[in-house]
Amino acid sequence: MRRLMLGGLATALLAATLMAVPASAATGGASAAAKASSGDTYLRKAFTRERTAPGDRDVSPTRIKHVRELQYRLRWAGVFKGGVTGTYGPATTKAVKKFQKRVGLRPSGVANHSTWRKLVKKTVRARSSIPKRCKSKGWNACYDRKRHRVTLFRNGTLHNEWLVRGGGTAYKTRIGDYKVFRRSKNHVSTIYETKMPYAQFFSGGQALHASYYMVDPFSGHSHGCVNMYIKDAKQLWNLTSRSTLKVHVYGAWS
């Protein structure tokens with residue numbers, strides 16, 4: 001198992017890790033989190049991703065264009081039967097056009113913000129399995145271990161869903177209901193010397209954070225934390241880092 005992040009470790013190890021960077025925002029308080037830049041305005045909108053177009057590729061954890069996610073979601077929408085390759089080729093373009101026609105958008109073959117909003121919203125699977133507590137007042141991030149997803153609700157309304165991955169067999173992400181108790185925008189684990197940007201700790205050393213190792217959310221696991229694409233973790237941070245964020249972990253391990 002690759003050494004991915006902090007998670008499911010002893011309290012003493014957690015204390016050492018949390019000393020790696022200066023303390024940042026406390027839950028619910030006025031934090032030092034930076035506001036989204038003008039170029040990231042879309043990050044605050046519901047169900048959005050960056051523009052993804054033919055020729056784009058998911059090359060590495062730092063060069064993700066959400067092509068794999070696009071292909072997964074097109075599959076779930078029933079318009080794509082090709083492989084999830086991370087390369088936006090002709091088959092993916094054809095599927096995007098088919099989906100756009102279905103939902104009343106101009107069939108450009110480019111997954112722009114409007115296309116992503118409709119696609120993400122329509123491919124939230126097994127909605128009935130999302131616990132009612134996820135729809136309570138305020139911001140609620142719900143990690144479904146079985147489906148490798150985090151759904152984000154605000155005051156009972158679904159705001160977004162991201163594909164993620166959690167802990168492996170020896171370091172399973174703990175089921176339960178939590179609140180983020182510490183945030184660290186540029187966190188680095190002193191245990192693994194691993195970058196954990198936009199870290200929001202909710203249970204001991206387990207946190208929602210950006211991963212410098214994840215390319216496919218359905219491949220590999222963490223040491224207990226919830227791995228997110230870097231842009232997705234930044235999106236969650238921009239939305240919630242100045243507020244109380246409740247975290248709910250549920251579902252069978254996968």
Side-chain angles (χ1 to χ4, degrees), residues 1-2 4-5 42 47-103 105 107-127 129-130 142-152 158 160-169 173 208-222 225-236 251-254:
M1 183 182 295
R2 289 178 291 181
L4 304 178
M5 68 218 62
Y42 79 91
F47 304 108
T48 52
R49 302 289 187 272
E50 80 277 37
R51 180 181 181 275
T52 311
D56 284 342
R57 295 174 57 221
D58 288 343
V59 178
S60 69
T62 59
R63 296 175 63 189
I64 294 293
K65 295 292 291 184
H66 287 87
V67 179
R68 280 183 174 80
E69 179 179 4
L70 179 65
Q71 291 169 332
Y72 278 123
R73 291 191 182 278
L74 290 171
R75 270 188 176 183
W76 300 334
V79 296
F80 181 65
K81 296 182 180 180
V84 177
T85 62
T87 298
Y88 200 139
T92 304
T93 304
K94 182 178 179 181
V96 170
K97 288 181 178 180
K98 186 174 181 179
F99 177 78
Q100 289 170 327
K101 288 181 180 179
R102 178 186 293 180
V103 298
L105 296 174
S108 65
V110 174
N112 55 18
H113 300 329
S114 297
T115 303
W116 272 113
R117 281 196 294 271
K118 289 184 177 292
L119 181 61
V120 175
K121 188 174 183 179
K122 287 182 176 293
T123 53
V124 177
R125 298 170 297 155
R127 290 185 185 230
S129 72
I130 300 174
C142 296
Y143 168 47
D144 183 341
R145 302 192 309 177
K146 181 178 180 179
R147 295 177 180 83
H148 291 226
R149 69 176 179 189
V150 166
T151 48
L152 180 68
L158 184 61
N160 214 329
E161 181 190 67
W162 299 282
L163 301 188
V164 302
R165 68 180 185 183
T169 53
T173 310
L208 296 148
H209 70 81
S211 171
Y212 276 78
Y213 293 91
M214 185 179 76
V215 174
D216 187 335
F218 293 94
S219 176
H221 292 90
S222 73
C225 290
V226 179
N227 285 175
M228 304 181 72
Y229 286 136
I230 295 170
K231 292 178 182 177
D232 295 350
K234 180 179 180 180
Q235 191 174 24
L236 178 63
W253 177 85
S254 171

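The structure presented is a predicted model; accordingly, all values stated were derived computationally and were not measured.
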Full working for side-chain contact (heavy atoms from CB on, under 4.5 Å) between Y88 and R68 = CA-CA 9 Å; Y88 200 139; R68 280 183 174 80; over 6 Å; no
query = Step by step, would you call N227 with V164 a side-chain contact (heavy atoms from CB on, under 4.5 Å)?
reply = CA-CA 6 Å; N227 285 175; V164 302; 5.7 Å; no
CA sep, side-chain torsions, deciding dist, call: W116, T52, side chain to side chain donor-acceptor pair (under 3.5 Å) = CA-CA 9 Å; W116 272 113; T52 311; 3.3 Å; yes
request  = Check the pair L119, L70 against side-chain contact (heavy atoms from CB on, under 4.5 Å), reporting the backbone distance first and the verdict last.
outcome  = CA-CA 9 Å; L119 181 61; L70 179 65; 3.5 Å; yes
key: Worked check of side-chain contact (heavy atoms from CB on, under 4.5 Å) between L208 and L236   = CA-CA 9 Å; L208 296 148; L236 178 63; 4.0 Å; yes
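Distance check: L152 CG to Q235 CD gives 9.0 Å after rounding to the nearest 0.5 Å. Taking NZ from K65 and CZ from R51, the interatomic distance works out to 8.0 Å, rounded to the nearest 0.5 Å. Distance check, rounded to the nearest 0.5 Å: OG of S211 to CG of D232 gives 11.5 Å. Rounded to the nearest 0.5 angstrom, K98 NZ and F80 CZ are separated by 12.0 Å. Considering CE of M214 and OG of S222, their distance stands at 10.0 Å, rounded to 0.5 Å.
Under the salt bridge (charged side-chain N to carboxylate O under 4.0 Å, His left out) criterion, the residue pairs touching residues 72-90 are E69-R73, R73-E161, with sequence neighbours excluded.
Side-chain contact between L158 and K121: absent, with no pair of heavy atoms (C-beta onward) separated by less than 4.5 Å. A heavy-atom distance below 4.5 Å is found between the side chains of P54 and V110. Taking 4.5 Å as the limit, every side-chain heavy atom of F47 sits out of range of all side-chain heavy atoms of H113. The closest side-chain heavy-atom distance from K146 to W253 is not below 4.5 Å. Residues V124 and R149 form a side-chain contact, since some pair of their non-hydrogen atoms from C-beta on lies under 4.5 Å apart.
Partners of R147 by salt bridge (Lys or Arg N to Asp or Glu O under 4.0 Å), not counting sequence neighbours, listed by chain and number: D144. With sequence neighbours excluded, the residues that form a ring-ring contact (aromatic ring centres under 6.0 Å, His included) with F218 are Y72, H148.
Counting only distance, with no hydrogens or angles, the side chain of T87 and the backbone of G89 share no donor-acceptor pair below 3.5 Å. For R117 (side chain) and R49 (main-chain N/O), no donor-acceptor pair under 3.5 Å exists by modelled atom type. No donor-acceptor pair closer than 3.5 Å links the side chain of Q100 to the backbone N or O of T115. With hydrogens and angles ignored, the 3.5 Å screen pairs a side-chain donor or acceptor of D58 with a backbone N or O of V67. Of the possible donor and acceptor atoms, none in the side chain of H66 sits under 3.5 Å from a partner among the backbone N and O of Y229. Checking side-chain atoms of S129 against main-chain N and O of A126 turns up a donor-acceptor pair under 3.5 Å. Without hydrogens or angle criteria, Y143 side chain to G166 main chain gives a donor-acceptor distance under 3.5 Å. Side-chain atoms of T123 do not come within 3.5 Å of backbone N or O of W76 as any donor-acceptor pair.
Nearest heavy-atom pair, Q71 versus G86, reported as atom, atom and distance to 0.1 Å: OE1-N, 3.1 Å. Pairing each heavy atom of E50 with each of I64, the nearest pair is OE2-O, 3.4 Å. The two residues V96 and A111 come nearest to each other via the heavy atoms CG1-N, 4.2 Å. Residues I230 and P61 come closest through the heavy atom pair CD1-O, 3.5 Å. Here the closest heavy-atom approach between residue A95 and residue V79 is recorded as CB-O, 3.3 Å. Among all heavy-atom pairs drawn from C225 and T173, the shortest one is O-OG1, 4.0 Å.
Dense packing is recorded around CZ of R125, with more than 12 heavy atoms of other residues, nucleotides or ligands lying under 6.0 Å away.
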